[in-house]
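What follows is one structure encoded as structure tokens, with my remarks underneath.
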Amino acid sequence: MEEVAPELLVRESKHRDNTLPDLKGVVGEVRMRMAPNPSGPLHIGHSRMAVLNDEYVKRYGGICYNRFEDTDPARIDPSGYDTIPADLDWLGVKIHKTVIQSDRFEIYYDIAKKLLEMGKAYVCTCKIDAWRDLKNHKKACEHREQPLDEQMVRWDKMFDGSYKPEEASIVVKTDLQHPNPAIRDFVALRIDDTPHPRTGSKYRVYPLMNLSVAIDDHLLDLTHVLRGKDHLNNTHRQEYIYDYFGWKRPEYIHYGRVSVEDAQLSTSKMANGIKEGLYTSWDDPQLGTLASMRRRGVRSEAIRRYWVETGIKEVDIEFSWKTLFTFNRELIDDGANRYFFVNDPIRFTFSGTDSELVAKAPFHPEHPERGTREMRVAPGAHVFIDRNDLKDSPTRLRLKDLCNVELKEDRMIYAGNDLSVLKEGVHIVHWVPGNAVPAEVLMTDGSTKNGLAEPLLSKAHESVVQLERFAFVRVESVSPTIRCVFTHK
RNA sequence: GCUCCCGUGGUGUAGUCCGGCCAAUCAUCCCAGCCUUUCGAGCUGGUCACCCGGGUUCAAAUCCCGGCGGGAGCACCA
């Protein structure tokens, strides 16, 4: 082969083995992290970072941390400490170690104090606006070059309560002449008297992310850091801290913004919506949370495939529900048994035969071995079909898996069982017999479809099924009535 | 305004570093046909892209210059 047609072998190697590009600078194992703020459950946007980290750690071997970034006591929803690990677990993301930043305040204080001693930071008691204004004009404030002993006195006063919030902060020096105003001196610690959900009022000096993140990324000895490109400037700021201590920087990879059409992803807006009754809970099908996806019967594998195929470029992207649902349909179709559900039912009385008819509808067209659902229709019995199927005023219809019928007002007359009528343009519709049971489907716009389902659907509790010609749904409960949640078409 | 980043079909991506094998890959959407007792699945076919303008070169999606467009940041949030 090599001798006859070597070019064929070369071509072969051009194909990618993995959709995700290789990481730069990998030596042995890899150490990565995700850094959620425990302010609520994870949503579809968060899942990108989680999946990508997990994929790489699995590819190269190594460890993945979950680090709760809870250094702003005012922006914590304590439920996040439980829901986030559950969401990650559902996604199939393997967390090797969990780190909680609110356990580590003393560590941040230590390092900050060292920066002070090194002359790389200062205690600033300027008014916030005045300080920012000076910075924007590349000017130092009066506190920047104060002698160390004076700085230490003021440092202590931050902790003992002498200063109120906003009256003092620790600022890390960078380069006041830096052309990018976003990179010049940045605040590293501040005072806040809001009680922290985990540490109460024990601490009042809180690190800001650029300090705590730099310290933890270093202490955890991370090799690669994945983050949104909104952190580009933060990365530059953090590099100053790395350089002051001579720490080795991890590889930083920034990925672009994801805009998700038709989805509420703002944690605070979702929380408000729940409070106001707009949404029932975090797993309301209207929301873009992972909890909602799970409830609707979306498989985490579909979400993982979506992010792997999307990759990790710095360009901004538009998320496509259609594509995600296509991936999901591929996963669930084989396992989803078929049932009839008639939305907006119209009642007909069946006639035209002497004996009872029995429909034997397969649970799955590709899996005859799963058997059939039997539905019986006797002369004089009722049959319901969807009002929507009457739109074009058909005179004849085919009741799927049962027989052909002629429609006359509210009567349905048996018209044989010859499938060839389909060639004449007769449409096949789904239907339910007189002993159908009420069922409702919770839609993603918050509305509910109330209809009738074949009785056997009540045996499909907890499974994802296809309501033929309607949609895939997850059967959430079966008593007192059947309730399903819309998955997708 | 300042700083940085980025521009391949509707969407996401491959190719860009080291110019030719790219009249541009794959997936998804969309359209048409076939098949099927679902509007699901399957099969076949189709439409649609290198932001623009110069330059270098035998040759440019790929290199250079200039435009234009988009995004992020300029918080005592993360």
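Computed from a predicted model, the values in this text were never measured in an experiment.
Rounded to a whole angstrom, the distance from the C1' atom of B:C76 to that of B:C50 is 46 Å. Taking atom C1' in both B:U11 and B:C58, one finds a spacing of 38 Å when rounded to whole Å. The separation of B:U13 from B:C4, taken at their P atoms, amounts to 25 Å, rounded to a whole angstrom. B:U28 sits 15 Å from B:G40 when the P atoms are compared, rounded to a whole Å. For the P atoms, the distance from B:G15 to B:A32 is 34 Å, rounded to whole Å. Only the P atoms considered, B:G12 is 8 Å distant from B:U8, to the nearest whole Å. One C1' atom belongs to B:G73, the other to B:C31, and the distance between them is 43 Å to the nearest Å. Look at the C1' atom in both B:U3 and B:C51: the space between them is 23 Å, to the nearest Å.
Across all strands, A:N337 comes closer than 4.0 Å to no nucleic acid atom at all (heavy-atom distances). Using a 4.0 Å heavy-atom distance criterion, A:K400 is classed as a base contact. Nucleic acid contact class of A:F472 (heavy atoms, under 4.0 Å, all strands): sugar-phosphate only.
When the C1' atom of B:G40 is taken as reference, atom CZ of A:R338 falls 5 Å away, rounded to whole Å. Spacing between atom NZ of A:K360 and atom P of B:U38 amounts to 19 Å, rounded to whole angstrom units. For A:I317 and B:U28, the CD1 to P distance is 17 Å, given to the nearest whole Å. Atom pair A:D333:CG and B:U38:P shows a separation of 13 Å (rounding to whole Å applied). In this structure, the CG atom of A:D401 is 12 Å from the C1' atom of B:U36, given to the nearest Å. Nucleotide B:C29 holds its C1' atom 17 Å from the NZ atom of A:K489, rounded to whole Å. Taking atom CH2 on A:W431 and atom P on B:U37, their separation rounds to 17 Å, with Å as the unit. Distance CG (A:L331) to C1' (B:U28): 15 Å, rounded to an integer number of Å.
Judged by distance alone, with hydrogens and angles left aside, A:E309 brings no side-chain donor or acceptor close enough to the base of B:U28 to form a pair under 3.5 Å. Contact of A:E330 with B:G40 (side chain to base): no donor-acceptor pair of N or O atoms is detected under 3.5 Å.
With rounding to the nearest 0.5 angstrom, the CD atom of A:E468 is 6.5 Å from the CG atom of A:D401.
A donor-acceptor pair shorter than 3.5 Å cannot be found between the side chains of A:T310 and A:R48. Judged by distance alone, the side chains of A:D175 and A:H178 never bring a donor and an acceptor atom under 3.5 Å apart.
The ring of A:F68 has its center closer than 6.0 angstrom to the ring center of A:Y81. For an aromatic pair to be called close, the ring centres must be under 6.0 Å apart, and A:F472 with A:H488 satisfies this.
Each of A:R237, A:R144, A:K173, A:K135 was compared with A:D185 under the salt bridge (Lys or Arg N to Asp or Glu O under 4.0 Å) criterion, and only A:R144 meets it.
Base pairing annotation: B:C76 forms no Watson-Crick or G-U wobble pair, as no partner gives both donor-acceptor distances under 3.5 Å. Base pairing of B:C34: its partner is B:G42, meeting the Watson-Crick or G-U wobble criterion (both donor-acceptor distances under 3.5 Å). Nucleotide B:C26 is matched to B:G12 when pairs are restricted to Watson-Crick or G-U wobble geometry with both distances under 3.5 angstrom. For B:A49, there is no paired nucleotide, since no Watson-Crick or G-U wobble pair has both relevant distances below 3.5 Å. Remark: B:C68 base-pairs with B:G7. Criterion, Watson-Crick or G-U wobble with two distances under 3.5 Å. For B:U56, there is no paired nucleotide, since no Watson-Crick or G-U wobble pair has both relevant distances below 3.5 Å.
Within the 3.5 Å criterion, the main-chain N or O of A:K127 finds no donor-acceptor partner in the side chain of A:E167.
Mapping A:I312 and A:R329 onto RNA chain B via the closest heavy atom, the residue that lands nearer the 5' end is A:I312.
Taking only side-chain atoms of A:E318, from C-beta outward, the nucleotide of B:C6, B:U11, B:U37 with the closest atom is B:U11. Taking the side chain of A:I428 as heavy atoms from C-beta on, and the options B:C30, B:U38, B:C6, the nearest nucleotide is B:U38.
Between A:K313 and B:A14, a side-chain N or O to OP1/OP2 separation shorter than 4.0 Å is present. Side-chain nitrogen and oxygen atoms of A:T326 include at least one within less than 4.0 Å of the OP1 or OP2 phosphate oxygen of B:C29.
Between A:E424 and A:R396 there is a salt bridge, since at least one side-chain N of the basic residue sits less than 4.0 Å from a carboxylate O of the acidic one. With salt bridges taken as basic N to acidic carboxylate O contacts below 4.0 Å, one links A:E309 and A:R305.
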| request: Go along nucleotides 72-78 of chain B 5' to 3' and tag each nucleotide: B for a protein heavy atom under 4.0 Å from its base, S when only backbone or sugar atoms are that close, - otherwise. | output: SBBSBBB
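Taking the ring centre of A:F340 as origin, the terminal cationic atom of A:R373 falls inside the region bounded by 6.0 Å and 45° from the ring axis.
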